[in-house]
Each structure stands twice: as C-alpha cells, then as structure tokens.
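First the structure, in the form of structure tokens, and then the observations on it.
Letters A, B, ... mirror the listed sequences (proteins, then strands); counts begin at 1.
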Amino acid sequence: MKKTLFKIPAVTPDGEFLAGYSENGLTELSFPHPGGRSARAAKKEIIPAKMRGWHAATEAALKKILAGRAPVKFPPLDLVGTDFQKKVWHALRKISFGQTKSYGKIARAIGRPKAVRAVGGACGANPIPVLIPCHRVLAANGKIGGFSGGLEWKRRLLAREGICLSVGGS
DNA sequence: CATCAAAAACTCC
DNA sequence: GGAGTTTTTGATG
C-alpha cells in the first residue's frame, strides 16, 4: 500500500539528503544521490505545515549529527515494518550519541541473541539511516561490517564522532 | 491461504 | 575457514 509520501530534500554540509514524510511522520531518509541526479521533491506548496515542522527537526538533527554533536530534537518517526524490525530500530535508537554497539548486542537486547543475522537484515532494511544510528552498529569484532548506504558514509559518520575503526588490514 | 526456498550489514568454533 | 541461528520476502500449489 502506497501512502502519500512527500519527499523533501534536506540540505546539509555533507550533501542533500532526501527525507520522505508520510501523514504520520518521517518514514524514510536517503543519502545524497551520486551522479548529481537530484531526486524529485514534492512541491513545497503542497506540503502540510506539520511536515515542514518535521523537516525542520530532521534537518536540524541531521546537521547536528554530521557536525559531530548530539541532536536535541527528533521528528516523529513513522516506522513501518515487521515487529522484529521495529524492535531492532527501537534498540538502535536507544544507542547514545558517540557510543557504538554490535549486532550481537542488539540481538540480545531484543531477546534473540542468536538472531544476530536477522538483526543485520533488519538494520539493512532500516529506512532511516543516521536518525536511526545504524552506522553506530558495528560487528562484534569491532569491524565495520557493511552498510547499504555506502561504507564511506558509515566511516565518515563514525569519524565525525571520533570513533576509530579497525579498518586496518585484514 | 499455506508451504517451500533463498538471502541477510553476523557470530561462534 | 566452516557451520549455525533467526527472520524476512517472494514464488508456488
């Protein structure tokens, strides 16, 4: 079922993120498109006032995170997914700024210590990167694991927080 | 609607 | 390096 999603570009020093808002809140957030292909954004004129408010909060939080500071305000997130995914995302949101967690930790936090792989899948299905600190989730080895939005982004975001990655060598 | 099969950003031995 | 556990998603009958 396709809801009416309003796509609004969030301009940050690191690029132009694309935020998707539903009638309930922020439901999707994408990294800037490579290749200069700007996504088609909804016309500002038809965007409800509340969505503009959400977007202000989103953009502010985004900028703060990119600047290496904890966001003060979060927009309402309209997380759509399975129960498992919601659980994982909620656990992700509990991660404090500057802190990192492993997939195993998340798995244990939601009561499925063996479901680390499923957690990885849920994180991969995370519709809202950065706002949901999926980039703060590392593998148990302290490795970066992977990242759908691009490993460079994960690396950059973690570097902003002063987190050292053991990307060195094999 | 129920069942089968494959895949996923991992972890342990 | 290989095997294991859990969940999600799409196709098939």
Name the closest nucleotide to the A/Ala140 side chain, picking from C/dT7, B/dA9, B/dT11. B/dT11

Nearest-Å distance for atom pair NZ/P, residues A/Lys114 and B/dT11: 13 Å

Whole-Å distance, A/Arg112 CZ to C/dT6 P, equals 9 Å

Assess whether a salt bridge exists between A/Asp14 and A/Arg156, defined as any Lys/Arg side-chain N lying under 4.0 Å from an Asp/Glu carboxylate O. yes

If hydrophobic clusters are built by linking Ile, Leu, Val, Met, Phe, Trp and Tyr wherever their side-chain heavy atoms come under 4.5 Å apart, do A/Ile46 and A/Trp54 end up in the same one? yes

Of all pairs that satisfy ring pair (Phe, Tyr, Trp, His ring centres under 6.0 Å), the ones with a partner from residues 70-117 of chain A, not counting sequence neighbours: none

Determine the contact category for A/Thr82: base if any of its heavy atoms lies under 4.0 Å from a base atom, sugar-phosphate if only primed atoms, P, OP1 or OP2 are that close, otherwise nothing. sugar-phosphate

Residues in side chain to side chain donor-acceptor pair (under 3.5 Å) with A/Arg136, at least two apart? A/Glu161

Whole angstroms only, please: what is the CD1-C1' distance between A/Ile106 and B/dA9? 13 Å

Please classify the nucleic acid contact of A/Gly146 as base, sugar-phosphate, or nothing, using heavy-atom distances under 4.0 Å. base

Could you tell me the separation between the NZ atom of A/Lys87 and the P atom of C/dT8, rounded to a whole number of Å? 11 Å

Euclidean distance, atom CZ of residue A/Phe84 to atom P of B/dA9 [Å, nearest integer]: 13 Å

Side-chain atoms of A/Tyr103 come closest, of C/dT8, B/dA8, B/dT11, to B/dT11

Polar pair under 3.5 Å, donor/acceptor by atom type, side chain A/Arg117, base C/dT5: yes

At 4.0 Å (heavy atoms only), tell me whether A/Gly104 reaches a base, stays on the sugar-phosphate, or touches nothing. sugar-phosphate

Quick check for you: among B/dA9, B/dC10, C/dT9, whose closest atom lies nearest to any side-chain atom of A/Gln85? C/dT9

A/Phe147 CZ to B/dC10 P, in whole Å, measures 13 Å

Run the ring-ring contact (aromatic ring centres under 6.0 Å, His included) test on A/His55 and A/Tyr21 for me, step by step, so that the C-alpha distance in whole Å, both residues' side-chain angles and the decisive distance to 0.1 Å come before the verdict. CA-CA 8 Å; A/His55 186 60; A/Tyr21 298 91; 5.8 Å; yes

Would you mind telling me which of C/dT8, B/dT11, B/dA9 lies closest to the side-chain atoms of A/Ser102? B/dT11

Taken to the nearest whole Å, CD1/A/Ile95 to C1'/B/dA9 is 13 Å

Is B/dA9 paired to anything, Watson-Crick or G-U wobble with both distances less than 3.5 Å, and if yes, which nucleotide? none

Partner of C/dT5 by Watson-Crick or G-U wobble geometry, both contacts under 3.5 Å, or none? none

Assign A/Ala118 to base, sugar-phosphate, or nothing according to its heavy-atom contacts below 4.0 angstrom with the strands shown. base

I need the CG-P distance between A/Leu92 and B/dA9, as an integer number of Å. 15 Å

